[in-house]
Amino acid sequence: MQLYAIGINHQTAPLEVREKVAFQTEALTEALRDLVEQRPVTEAAILSTCNRTEVYCSTEQPGEAVRWLAGYHRIPAASLEPYLYQLPREQAVKHAFRVASGLDSMVVGEPQILGQFKEAVRTAERAGTLGVLLHKLFQRTFSVAKEVRTRTDIGANSVSMAAAAVRLALKIFPSIAEQSVLFVGAGEMIDLCATHFAAHRPRRMTVASRTLDRAEALAARLQCRAVTLGELPEVLALHDIVITCTASSLPLLGKGMVERAVRARKHRPMFVVDLAVPRDVEPEVGELDDVFLYTVDDLAEIVQEGMDARQGAVAQAEAIIDSNVVSFMEWLETRRMVPAIRALRDQAERQRRHELERALKALARGEDPVRVVEALSRALTNKLLHAPSYALSHATAEDRERLLELVHRLYQMHHPHP
């Protein structure tokens with residue numbers, strides 16, 4: 001079986017394609033089991049975030065994994081393939097190292113991806129789809145990511161998505177302190193955004209979540225109001241800034257709902273940032289006058305700021321990664337020898353047991369122990385050396401030198417002087 005990384009990300013596919021192959025967190029365990037049970041895939045893990053959906057797997061037929069990915073999301077494989085990468089062996093290893101280290105992120109150096117990667121691996125462990133290969137790969141991946149963080153300044157000067165949302169808001173409104181902000185969702189990204197916006201002391205803040213308990217937990221820290229998603233139509237018009245990032249598979253804010261809110265606001269501008277994949281806001285909302293809608297991809301240009309200052313750190317990180325890729329591939333090559341080593345030892349063990357049984361029978365018959373041990377050792381020597389001796393004595397002229405060199409290496413023999 002070969003190692004492959006198969007997927008799409010923010011560099012290869014637009015948001016409207018990425019959201020079609022995003023996985024719901026609660027569905028990942030069953031999805032992994034389905035992949036391993038229904039396709040010629042022996043190990044698998046799935047990393048699904050706003051910016052990427054990737055399948056790391058052990059298979060001889062990567063095309064089957066691609067067809068499974070397309071079939072699972074009910075989209076034609078042909079429509080997915082232009083955006084897809086299929087990275088084998090060392091390319092897959094390097095990709096995993098770069099992703100976990102934050103080098104492949106939209107916000108280069110951002111730390112959230114490592115936590116997301118670790119959660120993806122925990123999910124695969126629960127699903128029972130990790131084997132020796134992927135377990136070793138991810139163990140090394142997290143070690144490399146830690147080394148990159150420790151030995152470089154890759155995270156310095158980075159502009160987070162949350163900070164980028166604040167910067168964009170300040171381009172629309174002269175001061176956030178005079179605005180009302182609505183946060184839709186209660187996950188890590190919304191928590192981060194809320195922290196950044198709260199620092200500007202908005203006039204009002206509200207947290208909306210599927211369950212009131214989750215909304216109230218964040219609202220208590222922000223000292224603001226908490227509502228459920230069902231109350232969105234009533235509270236939307238009261239807010240100038242809307243930041244949304246939920247795990248919903250369907251849009252929460254439709255064009256009709258936002259249009260009614262804008263009318264109620266007497267066409268005062270509304271700034272909406274949709275950080276969710278799949279999107280929480282219908283794309284048609286962006287067509288409305290007085291609504292400034294931004295998606296996760298629209299924030300890409302802003303988060304690239306500070307990259308110049310990090311180029312040295314990126315080069316250092318790439319060097320650390322390259323070195324670790326070589327080390328991992330050496331381990332992988334030794335794994336390829338394991339079946340041959342096992343077969344060699346099994347054969348020697350069978351020969352040993354056979355000769356031992358003969359020796360024990362001879363001793364039981366009362367034969368001289370010294371002669372029995374001598375016969376045992378001679379028989380074992382003959383059997384263990386029969387194959388290489390036969391190969392050398394029957395070698396063709398073109399094979400002879402190569403075999404001689406190999407035998408000297410295998411048995412650690414010194415070349416005889418001419």
Side-chain angles (χ1 to χ4, degrees), residues 10 14-20 22 50-51 106 159-187 189-190 192-194 196-198 200-210 215 224-225 227-303:
H10 63 283
L15 177 57
E16 57 265 27
V17 175
R18 298 202 308 277
E19 65 185 356
K20 289 177 182 175
C50 295
N51 291 327
M106 184 180 285
V159 180
S160 70
M161 299 297 276
V166 171
R167 289 191 186 187
L168 268 178
L170 288 170
K171 291 182 179 180
I172 309 297
F173 303 104
S175 169
I176 290 173
E178 298 169 12
Q179 315 307 320
S180 297
V181 186
L182 171 62
F183 301 103
V184 183
M189 183 57 78
I190 286 295
L192 205 58
C193 288
H196 277 74
F197 275 94
H200 291 261
R201 301 186 180 280
R203 183 162 53 87
R204 180 199 298 127
M205 290 188 290
T206 306
V207 178
S209 186
R210 193 167 302 281
C224 69
R225 182 187 177 193
V227 298
T228 64
L229 295 183
E231 297 173 79
L232 278 178
E234 288 75 44
V235 303
L236 187 59
L238 304 175
H239 297 86
D240 311 294
I241 297 170
V242 180
I243 311 295
T244 179
C245 186
T246 76
S248 174
S249 57
L250 296 171
L252 301 175
L253 301 178
K255 185 179 180 182
M257 186 196 298
V258 178
E259 201 166 20
R260 287 188 292 275
V262 169
R263 278 203 301 269
R265 290 171 55 79
K266 296 183 170 34
H267 295 276
R268 282 181 292 119
M270 180 183 283
F271 172 69
V272 182
V273 178
D274 184 0
L275 296 173
V277 180
R279 284 173 282 190
D280 284 339
V281 184
E282 287 183 348
E284 292 77 14
V285 168
E287 300 167 7
L288 296 172
D289 290 337
D290 307 307
V291 176
F292 299 87
L293 173 62
Y294 295 88
T295 66
V296 66
D297 284 5
D298 294 326
L299 271 62
E301 189 174 324
I302 293 175
V303 300

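In what follows, residues are counted from 1 in the order of the sequence shown.
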Colleague: Name the residue from D290, D289, D240 that meets the salt bridge (Lys or Arg N to Asp or Glu O under 4.0 Å) definition with R265.
Modeller: D240
Colleague: Can you list everything that forms a side chain to side chain donor-acceptor pair (under 3.5 Å) with R260? Sequence neighbours excluded, please.
Modeller: none
Colleague: Could you work out, with salt bridge (Lys or Arg N to Asp or Glu O under 4.0 Å) as the rule, every residue matching E282, not counting sequence neighbours?
Modeller: none
Colleague: Measure the shortest side-chain to side-chain distance between R225 and R204 over non-hydrogen atoms and say whether it is less than 4.5 angstrom.
Modeller: no
Colleague: Heavy-atom distance under 4.5 Å between the side chains of D298 and L15, does that happen here?
Modeller: no
Colleague: Do M106 and D297 have side chains that approach each other closer than 4.5 Å (heavy atoms only, starting at C-beta)?
Modeller: yes
Colleague: Are R18 and V296 close enough that some pair of their side-chain heavy atoms sits under 4.5 Å apart?
Modeller: yes
Colleague: Determine whether L275 and C193 make a side-chain contact, defined as any pair of heavy atoms from C-beta on separated by less than 4.5 Å.
Modeller: yes
Colleague: Indicate yes or no: at least one non-hydrogen side-chain atom of K255 is less than 4.5 angstrom from one of E287.
Modeller: yes
Colleague: Which class fits the ring pair Y294 and F271: parallel under 30°, tilted 30 to 60°, perpendicular over 60°?
Modeller: tilted
Colleague: Taking only residues two or more places apart in sequence or in another chain, which ones pass side chain to side chain donor-acceptor pair (under 3.5 Å) with D274?
Modeller: none
Colleague: Does P251 offer a backbone N or O that forms a donor-acceptor pair with the side chain of R279 under 3.5 Å?
Modeller: no
Colleague: R263: what forms a salt bridge (Lys or Arg N to Asp or Glu O under 4.0 Å) with it, not counting sequence neighbours?
Modeller: none
Colleague: P269: what forms a side-chain contact (heavy atoms from CB on, under 4.5 Å) with it, not counting sequence neighbours?
Modeller: F173, F292
Colleague: Please identify each residue that fulfils side chain to side chain donor-acceptor pair (under 3.5 Å) with T246, with sequence neighbours left out.
Modeller: D280
